[in-house]
Number of protein chains: 4
Amino acid sequence: MQSRTPAVRPGRPRSAAADTAILAATRAALVELGWSKLTLGDVAARAGVAKTTLYRRWSGKNELVVDAVAELFDELELPDRGSLTADIEGVILQFAAILARPEAKSGLMAVVAESTRDDALRERIRASIVERQKLLVLEGRARAQQRGELPGESDPEAAARTADLIFDVIAGAVVHRALVSAEPVDTDWARAFTGLLLNGLTASTGHPPPSSHQTSFPRRTGAPRE
Amino acid sequence: MQSRTPAVRPGRPRSAAADTAILAATRAALVELGWSKLTLGDVAARAGVAKTTLYRRWSGKNELVVDAVAELFDELELPDRGSLTADIEGVILQFAAILARPEAKSGLMAVVAESTRDDALRERIRASIVERQKLLVLEGRARAQQRGELPGESDPEAAARTADLIFDVIAGAVVHRALVSAEPVDTDWARAFTGLLLNGLTASTGHPPPSSHQTSFPRRTGAPRE
Amino acid sequence: MQSRTPAVRPGRPRSAAADTAILAATRAALVELGWSKLTLGDVAARAGVAKTTLYRRWSGKNELVVDAVAELFDELELPDRGSLTADIEGVILQFAAILARPEAKSGLMAVVAESTRDDALRERIRASIVERQKLLVLEGRARAQQRGELPGESDPEAAARTADLIFDVIAGAVVHRALVSAEPVDTDWARAFTGLLLNGLTASTGHPPPSSHQTSFPRRTGAPRE
Amino acid sequence: MQSRTPAVRPGRPRSAAADTAILAATRAALVELGWSKLTLGDVAARAGVAKTTLYRRWSGKNELVVDAVAELFDELELPDRGSLTADIEGVILQFAAILARPEAKSGLMAVVAESTRDDALRERIRASIVERQKLLVLEGRARAQQRGELPGESDPEAAARTADLIFDVIAGAVVHRALVSAEPVDTDWARAFTGLLLNGLTASTGHPPPSSHQTSFPRRTGAPRE
DNA sequence: ACTTAAGCGAGACGGTACGTCCCGTCTTGCG
DNA sequence: CGCAAGACGGGACGTACCGTCTCGCTTAAGT
């Protein structure tokens with residue numbers, strides 16, 4: 001309908017190819033140099049673009065990297081694998097696969113670090129990266145409810161709080177495993193984590209957790225101690 | 001007999017006061033300027049120290065900030081609050097309190113970001129920050145086992161894997177809530193998260209979770225749907 | 001057709017004003033601080049210019065000072081004073097006047113000292129300072145020959161050698177008097193030196209030296225001693 | 001008689017070997033690095049001496065280098081070669097030989113440059129280097145007067161002025177030839193220069209110059225032109 | 001033999017300047 | 001008006017030396 005910024009501005013229009021080239025060059029530079037040694041001059045050179053062109057579109061390194069990294073998360077989706085357990089495991093592994101890429105590793109954490117002092121940057125991250133991940137949680141829950149694996153919600157507010165918690169737990173645990181502990185997020189770990197999560201969500205109901213996997217958590221097995 | 005580093009080295013000894021002043025100045029600068037605008041020249045000036053003195057002791061910004069932030073984690077401990085639930089909640093809130101401080105916020109994430117491309121840095125972070133946190137998990141489990149809240153371990157290897165998982169989940173979730181979602185880690189959240197965690201750990205055993213709190217998680221209550 | 005350096009280079013052209021300001025600032029700093037305490041950062045600040053701008057044009061302190069001092073020698077010329085004697089005295093006093101200026105004093109000797117280990121620097125000095133002085137010698141001789149004060153040259157090679165010698169003697173004596181002996185190069189001294197020089201050049205001919213001045217040199221006057 | 005500084009001071013006496021080692025190390029460093037890249041720390045290390053030891057004896061680079069270079073001029077002397085001409089040529093070549101050594105080249109000019117802004121330094125140079133050279137001029141004149149090659153002096157003041165002039169001319173010309181023009185001071189040049197000098201000193205007396213050499217200077221030969 | 005007092009090596013210290021790198025902005029001329 | 005090119009003012013970098021200051025040890029002469 002109405003284009004907020006007039007569809008056509010006077011003068012030569014901006015090159016669309018430039019944006020693509022710049023974002024690709026940014027990711028390439030992230031892989032090669034990492035966040036801290038990445039320079040906008042270098043990105044511009046790699047993209048075959050003048051620095052001015054780059055600054056015309058992004059206000060700085062942070063914003064540029066957010067956009068460059070955000071595109072990596074486009075591939076996140078939630079294919080229906082038939083059960084809540086499988087869906088969760090799937091999304092964990094997908095997320096971990098993205099985090100394993102060097103352009104995401106240092107870039108993502110660095111902009112998060114910056115965002116602690118820059119609200120506009122945090123909002124940009126939230127809008128273009130975090131929100132997309134959170135939708136998967138909501139979508140997964142809805143699908144599980146349809147399947148009957150989870151009950152419907154009575155209190156929408158509590159449901160939202162719960163979704164936030166689950167999201168922080170999943171995203172936080174995966175990121176921490178991958179970046180801080182620097183251990184691989186492989187199928188075994190994903191299965192164990194999923195078990196913990198689903199047990200936590202469904203426990204104390206006399207209802208068996210929907211997972212068919214066995215976790216390796218300590219649990220009282222044989223006879224009680226006394 | 002064995003003096004690993006010779007008891008006395010020739011020449012003027014290094015000033016112990018300088019180290020203290022530098023680390024304090026670093027934290028002060030982190031609060032005021034944040035990671036990205038912190039400069040070593042500024043830190044040196046605040047500490048009343050020459051830049052050379054600073055570089056004689058630390059090889060760069062990353063290493064300095066790790067040490068400066070690590071001292072914040074000295075206050076982490078695990079007072080016995082009587083139950084596993086209370087202990088976990090306590091440590092979560094302690095951890096969150098540290099993360100809420102601006103000198104920790106941007107500093108910690110930034111060095112983690114850098115550590116994705118610098119193994120020595122990651123090891124330094126692990127040794128001086130992460131390991132200290134992980135010990136709390138182990139200590140908490142041992143205490144719970146003494147209390148009879150958790151069973152003893154049969155397979156030590158599986159136990160270690162489990163401890164790692166729990167650690168990643170706790171630390172990751174708290175960090176993600178605090179820094180990415182930028183929501184407060186308050187008592188309510190801690191209680192909800194602790195409930196999820198303990199349910200996950202003890203579920204499907206016929207053993208009731210040790211927590212006395214009520215979580216707000218969706219669980220099948222009352223009559224099943226059919 | 002022939003454009004040695006392409007008439008227009010892409011990009012913003014260098015500021016001509018900057019060069020002027022930098023050279024003037026260099027001379028001012030030489031006066032105030034002398035060679036050894038002159039810093040390029042200070043020069044840049046005085047010139048109202050960034051250090052990078054300075055380094056873009058000169059490779060270091062030596063080169064910069066050579067250019068700054070060379071401009072002082074622009075004022076060297078050889079006005080026709082009617083006789084060889086007067087011409088020589090005039091050029092000696094001119095040269096001495098330049099050397100008396102503090103910006104020339106320490107700067108000139110310092111770069112000469114440096115040039116003993118840097119051929120490129122020596123060449124720069126030669127081209128922009130020394131050669132200009134030497135031309136005066138040649139010009140003076142030509143003029144004297146026109147006047148008939150000196151004979152024409154038969155052997156051009158020997159003539160060149162002689163000119164070199166005269167040049168070293170004049171320049172060397174003036175510099176030594178001014179900087180090493182630290183005595184004033186005044187009219188008296190110039191007259192005495194000119195006398196010595198012209199006597200040396202024209203002696204043993206039975207031809208009176210062209211000078212009309214009287215030197216104070218020891219010469220056998222009355223009766224020989226035996 | 002009375003030793004101004006008491007012959008023995010309490011405490012450990014200064015090592016005489018250190019002075020020797022330091023001056024030798026200074027010359028070695030001058031050869032290798034030149035004046036501008038010579039550092040006192042490096043000199044101390046070469047001499048196997050602590051920096052403090054060095055600073056206890058010299059107040060800085062300039063003073064140290066003056067002393068180190070001054071020792072080179074110890075070898076300057078005026079052997080009697082039988083005639084004024086030969087004596088002058090000899091001392092010119094000796095002087096040039098010292099100037100040809102790299103430790104003298106850059107060192108000497110550099111301290112002279114510094115001395116333009118430091119009177120104490122200039123006095124130190126004068127006392128330990130220049131004065132020694134000037135004595136040769138006086139000694140040479142006295143010897144020539146004994147030989148009858150030069151007349152006795154009637155006016156001692158004029159004689160002193162003349163000696164100063166001659167000294168500036170000789171030293172200046174040799175230095176300029178060697179360091180500025182960077183041409184060799186060889187026998188030919190010395191002979192030509194000596195000829196010029198002696199002609200200048202003795203001309204217009206009807207007395208033939210004492211030199212037996214022929215200079216290559218333009219002089220009116222044969223029949224006068226008219 | 002013991003004291004006294006300076007010399008001595010080593011190296012840390014507060015500084016200053018270095019020359020480089022990158023920033024984000026500004027002129028250029030061309031399309 | 002977009003764009004490539006590149007100069008610009010500015011700021012921080014990490015390094016090199018400066019000249020001074022602690023250290024503990026050594027080396028005499030005077031007791």
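Hydrogens, waters and symmetry mates play no part in the numbers below; they use all other heavy atoms, side chains included. Naming: A, B, ... by sequence-line order, numbering from 1 per chain.
At whole-Å resolution of the value, CG in C:Leu54 and P in F:dA7 are 15 Å apart. Per the geometry, OH belonging to B:Tyr55 stands 8 Å off C1' belonging to F:dA12, to the nearest Å.
Proximity of B:Arg14 to the phosphate of F:dC21: no side-chain N or O atom is located under 4.0 Å from OP1 or OP2.
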Sort me out a list of protein N/O and nucleotides 28-31 of chain E N/O pairs below 3.5 Å, or just none if empty.
none

Check nucleotides 14-17 of chain E against the protein and report each pair of N or O atoms closer than 3.5 Å, with its distance, or say if there are none.
unit_1, atom_1, unit_2, atom_2, d
E:dG14, OP2, B:Ala50, N, 3.2
E:dG14, OP2, B:Thr53, OG1, 2.6
E:dG15, O6, B:Thr52, OG1, 3.4

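Applying the side-chain contact (heavy atoms from CB on, under 4.5 Å) rule to A:Ala47 yields the partners A:Ala21, A:Ile22, A:Ala25, A:Val49; only residues at least two apart in sequence or on another chain are considered. For D:Ala45, the side-chain contact (heavy atoms from CB on, under 4.5 Å) criterion is met by no residue, not counting sequence neighbours. Residues satisfying the side chain to side chain donor-acceptor pair (under 3.5 Å) test with B:Arg117, not counting sequence neighbours, are none. Taking D:Thr52 as the reference, D:Ala50, D:Arg56 meet the side-chain contact (heavy atoms from CB on, under 4.5 Å) condition, with sequence neighbours excluded. Under the side chain to side chain donor-acceptor pair (under 3.5 Å) criterion, C:Ser59 pairs with C:Glu63, not counting sequence neighbours.
Using a 4.0 Å cutoff on non-hydrogen atoms, no part of residues 105-123 of chain B comes near DNA chain E. Near-neighbour residues of DNA chain F inside residues 58-71 of chain C, defined by a heavy atom below 4.0 Å, are absent.
Between C:Ile129 and C:Leu72 there is no side-chain heavy-atom pair separated by less than 4.5 Å. Residues B:Trp58 and B:Leu23 have side chains in contact (heavy-atom distance under 4.5 Å, counting atoms from C-beta outward). Put simply, the side chain of D:Met109 does not reach to within 4.5 Å of the side chain of D:Trp35, judged on heavy atoms.
For residues 14-37 of chain B, the set of pairs meeting the salt bridge (Lys or Arg N to Asp or Glu O under 4.0 Å) definition, not counting sequence neighbours, comprises B:Asp19-B:Arg57, B:Arg27-B:Glu71, B:Glu32-B:Arg46. Screening residues 102-114 of chain D for salt bridge (Lys or Arg N to Asp or Glu O under 4.0 Å), with sequence neighbours left out, gives D:Arg101-D:Glu103.
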